[in-house]
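Worksheet: one structure, shown below.
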Amino acid sequence: MPARALVTALLAAAFVVQALAALAPNVPLLIAATAVSLTVEGVLYRWQPGLLSVFAKSQADLTVRHVLRDLLLVAAVLRTVEEDKEAQYAPVLVGLLGFYALHFAIQAVSVLVRRTRTLPVVTRNIDASALRLSPAPHTLLRRPGHRLLVFGLPATAGLTATAATSAAVPAAAGVALSALVALVGLGMLMSRLLPGRRPADEQTVLEWFDSWLAEYRPTVGLYFSGGTSSAYQANMWLEPLAKLDGRPIIILRERFMVSKIAATDVPIVCLPKVATLMRLEHSTLRVLIHPSNSGKTSQVLRIPTIKHTFVNHGESDKLSSCNPYAKAYDEVWVAGPAARERYALADVGVEDKDVVEIGRPQLDAVRPYAGPPAGYYTTVLYAPTWEGWDGNPGNTSVIEAGENVVRALLADPGVRLLYKPHPLTGSVDPRAGAADRRIRELIRAANRERSGARPAPSADLDRLTAELDRLTTSVFRPSADQVERMLVQSAPEPGRAEAVERTTAAWEELYWASLPEWEHQIVTDVRPALYSCFNVADLLISDVSSVVSDFLASEKPYAVVNTSGLSETEFRATFPTVMAATVLTPDASGVPGLLAAVRDPGKDELVEARKELKLRLLGPAEPSSQERFNAAVQDLYEAAEAHRTRMARRLNAVPSQRRETVTEVTGATP
């Protein structure tokens, strides 16, 4: 029986048994049913939180369940006492009703407190002490379910004890204790509404934000909006952004995304409302870089004083890399000539003059090819992409070919496999998720059949891991809300960015050295990163995706799995990134020959092709990608400044047009 069904059945059975025991009355059965009911409630909150919303939708939320549980206990108590003694329980009932009244009062006040702590701007790496930020109230004061379980436990225990002993004292004491705890909690929450303890109001926060913009004077920003699993698209641009000349800033739209952005010293601001976003028009911000498209992108594109460029979060031959939405931007920045040609062929409205080649600044961390495998083992990185939104069978090899590829690799005793699936694998097509799980089990089974010496545990690796965690992870209390997180993350540690880069490099070296060279690895954690896997791999097997383009920076051999249904000739012609690859069929029959070419450079006929394709996809090595990226930002900044000057001159010359423009942008009469 599935866990959810089992928990639901146990909870329902406990209430039925409790009702029957209360009516009987049967005190031992009543106590047992009550204990089971409370235990299942704890299990719900600890291991099955998804069921809570299901119960709530069925009008059986925790409040209803808790009231029913106490009412059944009250009924049992009244059934076990003599009629002439029932009156002495009236204060107990009044106290119990008072406790529930306090519970609802706490919930009402907690909503008010939450509203005072919901700021129009959320920040990281910015000193916001002027906003009277403070730690959040305790979790029990903000979550009604947890609160009712904990605060109501004395009352429930007292009623149960009274049902067992027929003495009113336990019930009275339990109810009084629950009411007292609730009263204290209510007082603690109400104190948060005092003027001196509330964070700054909305208008004060907006004025503070305007003054911070005026003081910091940002010039270039990264704009990002997306779902919980999409933060990697922005994170890959953090380091290049931080290295730009000028004063960078990161603009987010979803509050939860603030904590999803990786460690960086760049100031981060989250502007959930459009009206707040529009305040950027009056700042010094002139360039916004967009690594992805979203529904909220159109809102920021309305700001006339900012130039916008689309950089994408990776380049591949997929149609999504030439989305028609790209024509909404002032410029589209791509890695090399191949992407320029791709936009021209796609004919989606992006003019060639608006395409700028900047390379891929992130690829500076990828080490170049240093020859064939030096030891016994050939390290193969299998990094398939996910299934995508369009249902195209050629998107991912996981479903049709993944198991075949992995079996073929595992069949070679000289292969060490690194399996790194895309984090979204299985999010659209359940078959991809099921295939991914089977692949992982194949790898685990292969590891069980291998044996050999393991390197000694590394105290230095543990130390570096702890140091990286400290540098890249902010530690919050379990009850911390956005305001408390702003308080904790108000300013980055001086020199943190350099420390992260230095510590990461040392960690990666020790990490790979700590693994047995014969052991296959399933890589799904944040560390090691994809480019670190590139550096230890002798061969990449992937799909048509940006992983292939990025791996070409190393000029190492790579293969692409063809699950598109096209012939190899059509496949190569359709997807330029495949031109220097070994093409594998879904049955993976070409894996042995591929491995032979990797181990013997004399059999590798694609060396020159990879060099040529690298130049076509990623552009020249000099000047560096970071330099080209920086130059593109400066050029677009100057274009934005020139546009702003022209518009100001025009508006000053035509007052009526100035009034119409201001009204259109702000919705107000100047």
Side-chain angles (χ1 to χ4, degrees), residues 112-138 142 191-225 231 234-235 238 241-242 246-285 288 300 470-497 500:
L112 295 177
V113 171
R114 183 174 69 246
R115 289 178 179 175
T116 66
R117 297 179 64 83
T118 303
L119 305 183
V121 178
V122 182
T123 65
R124 255 178 65 185
N125 300 335
I126 298 174
D127 182 5
S129 56
L131 303 181
R132 300 194 304 272
L133 305 181
S134 62
H138 194 278
R142 293 157 47 206
S191 69
R192 294 298 188 115
L193 297 177
L194 296 174
R197 297 200 64 190
R198 285 182 297 182
D201 59 28
E202 181 171 345
Q203 185 58 39
T204 302
V205 172
L206 293 178
E207 291 174 357
W208 167 84
F209 178 59
D210 289 341
S211 64
W212 178 83
L213 285 175
E215 180 182 355
Y216 180 64
R217 299 184 60 80
T219 56
V220 56
L222 182 76
Y223 178 91
F224 189 72
S225 171
N235 286 335
L238 296 183
L241 179 74
R247 292 172 294 280
I249 186 175
I250 298 170
I251 308 293
L252 306 176
R253 302 301 308 282
E254 292 81 20
R255 296 176 186 273
F256 68 82
M257 191 61 71
V258 175
S259 60
K260 298 288 184 180
I261 299 299
T264 179
D265 292 349
V266 177
I268 299 174
V269 296
C270 176
L271 309 175
K273 295 182 180 179
V274 177
T276 311
L277 181 72
M278 291 302 160
R279 304 178 90 87
L280 296 175
E281 178 180 353
H282 306 292
S283 72
T284 56
L285 186 64
L288 272 183
V300 75
R470 185 189 69 80
L471 289 169
T472 60
T473 306
S474 296
V475 180
F476 305 107
R477 299 185 309 139
S479 60
D481 59 4
Q482 288 285 357
V483 170
E484 184 172 339
R485 289 170 182 258
M486 282 179 62
L487 178 64
V488 174
Q489 298 178 315
S490 60
E493 179 181 327
R496 183 181 62 175
V500 169

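None of these values were measured; they are calculated from a predicted model.
- Closest approach of Leu487 and Leu133 over heavy atoms only: N-CD1, 3.8 Å.
- Counting non-hydrogen atoms of neighbouring residues, nucleotides and ligands closer than 6.0 angstrom, the CZ atom of Arg470 exceeds 12 such neighbours.
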Evaluate side chain to side chain contact (heavy atoms under 4.5 Å, CB included) for Cys270 paired with Glu254, printing each intermediate quantity in order. CA-CA 7 Å; Cys270 176; Glu254 292 81 20; 5.6 Å; no
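- In this structure, CG on Leu271 lies 10.5 Å from OG1 on Thr123, to the nearest 0.5 angstrom.
- Residues meeting the side-chain hydrogen bond (donor to acceptor under 3.5 Å, both in side chains) test with Ser211, sequence neighbours left out: none.
- Take Arg192 and apply the salt bridge (charged side-chain N to carboxylate O under 4.0 Å, His left out) test, not counting sequence neighbours, and it matches no residue.
- Between Pro272 and Pro120 the shortest heavy-atom distance is CD-O, 3.4 Å.
- Of the possible donor and acceptor atoms, none in the side chain of Thr284 sits under 3.5 Å from a partner among the backbone N and O of Thr219.
- Judged by distance alone, the side chain of Arg279 and the main-chain N or O of Asp210 form no donor-acceptor pair under 3.5 Å.
- Between the Asn125 side chain and the Ile268 main chain, no donor and acceptor come within less than 3.5 Å of each other.
- Interatomic distance, Gln489 CD to Ile126 CD1, rounded to the nearest 0.5 Å: 11.5 Å.
- The CE atom of Met486 lies 10.0 Å from the OG atom of Ser129; values are rounded to the nearest 0.5 Å.
- To the nearest 0.5 Å, atoms CD1 (Ile250) and CD1 (Ile261) are separated by 6.0 Å.
- Residue Ala200 comes nearest to Val205 through the heavy atom pair O-CG2, 3.7 Å, listed as atom of the first residue, atom of the second, then distance.
- Tyr223 approaches Arg253 most closely through the heavy-atom pair OH-NH1, 2.9 Å.
- Counting heavy atoms from C-beta on, the side chains of Ile251 and Leu277 come closer than 4.5 Å.
- Taken to the nearest 0.5 Å, the CG atom of Leu131 stands 11.5 Å off from the CZ atom of Phe209.
- For the pairing with Ser134, the side chain to side chain donor-acceptor pair (under 3.5 Å) check across Arg198, Arg117, Glu484, Arg197 returns one residue only, Arg117.
- The two residues Ala262 and Asn235 make their nearest non-hydrogen contact at N-OD1, 2.8 Å.
- The distance from atom OG1 of Thr118 to atom CZ of Arg255, rounded to the nearest 0.5 Å, is 6.0 Å.
- The closest donor-acceptor contact from the side chain of Arg142 to the backbone of Pro137 lies under 3.5 Å.
- Arg124 contributes a side-chain N or O that, together with a main-chain N or O of Val258, makes up a donor-acceptor pair within less than 3.5 Å.
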